[in-house]
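Take a look at the structure set out below.
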Amino acid sequence: MNRRMKMSREERAKQFMPFAALKGYSEALRKKEKKVVARIELSDDQKEMLDRKFHQIQVKDMVTVIYYEDSDYIEKIGMISKIDLDAKILKVVNTKIPFENIYDLNSEKTETMKYGC
């Protein structure tokens, strides 16, 4: 003998409806969606200025570097721990930044160059 009560069609249908275990998760994902930023091509003048800045910096200088990575521009502030001219990599703290990805570079030394002090 079957002692279970029969479910209505609506009750049975509810079992197969989508379930959001984490409320607001979909909205949070939409906010986190990555916006792709196009890489900016430096002019010859900008490349020359950046090259001059490279020649002024040294290991242990505090710098602000703006560089391109993963379809976005990132600003890193910290101490230069290594300048590898052969591999063309600038290391700021523990972050390795290829020279070709650097958009701008500033330190106290390069700031004085900007204002002619």
Going hydrophobic residue to hydrophobic residue with side-chain gaps under 4.5 angstrom, can you get from Ile77 over to Val63? no
Joint cluster assignment, Leu50 & Ile74, ILVMFWY side-chain distance < 4.5 Å: yes
Using salt bridge (Lys or Arg N to Asp or Glu O under 4.0 Å) as the criterion, list what pairs up with Glu11, not counting sequence neighbours.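 With sequence neighbours excluded, Glu11 shows a salt bridge (Lys or Arg N to Asp or Glu O under 4.0 Å) to Lys14, given in chain and number order.
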Tell me, which pairs form a salt bridge (Lys or Arg N to Asp or Glu O under 4.0 Å) where one or both residues lie in residues 55-65, sequence neighbours left out? Asp61-Lys109
Donor-acceptor pairs under 3.5 angstrom involving side-chain atoms of residues 39-48: please list them, not counting sequence neighbours.
| unit_1 | atom_1 | unit_2 | atom_2 | d |
| --- | --- | --- | --- | --- |
| Arg39 | NH2 | Glu100 | O | 2.9 |
| Arg39 | NH2 | Asn101 | OD1 | 2.6 |
| Ser43 | OG | Gln46 | N | 3.2 |
| Ser43 | OG | Gln46 | OE1 | 3.3 |
| Gln46 | OE1 | Ser43 | N | 2.8 |
| Glu48 | OE2 | Arg52 | NH2 | 2.8 |

Give the table of side-chain donor-acceptor pairs shorter than 3.5 Å for residues 80-97, with sequence neighbours excluded, one pair per line with atom names and distance.
| unit_1 | atom_1 | unit_2 | atom_2 | d |
| --- | --- | --- | --- | --- |
| Ser81 | OG | Lys91 | O | 3.3 |
| Ser81 | OG | Val93 | O | 2.7 |
| Asp84 | OD1 | Asp86 | N | 3.1 |
| Asp84 | OD1 | Ala87 | N | 3.0 |
| Thr95 | OG1 | Lys76 | NZ | 3.3 |

Which residues share a ring-ring contact (aromatic ring centres under 6.0 Å, His included) with Tyr103, sequence neighbours left out: Tyr73
Any ring pair (Phe, Tyr, Trp, His ring centres under 6.0 Å) involving residues 77-100? Give me the pairs, sequence neighbours left out, ordered by first then second residue.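 Pairs touching residues 77-100 that pass the test: Phe54-Phe99.
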As an exercise, state the distance from CD of Glu108 to OG1 of Thr64, rounded to the nearest 0.5 Å.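 One gets 10.0 Å once the value is rounded to the nearest 0.5 Å.
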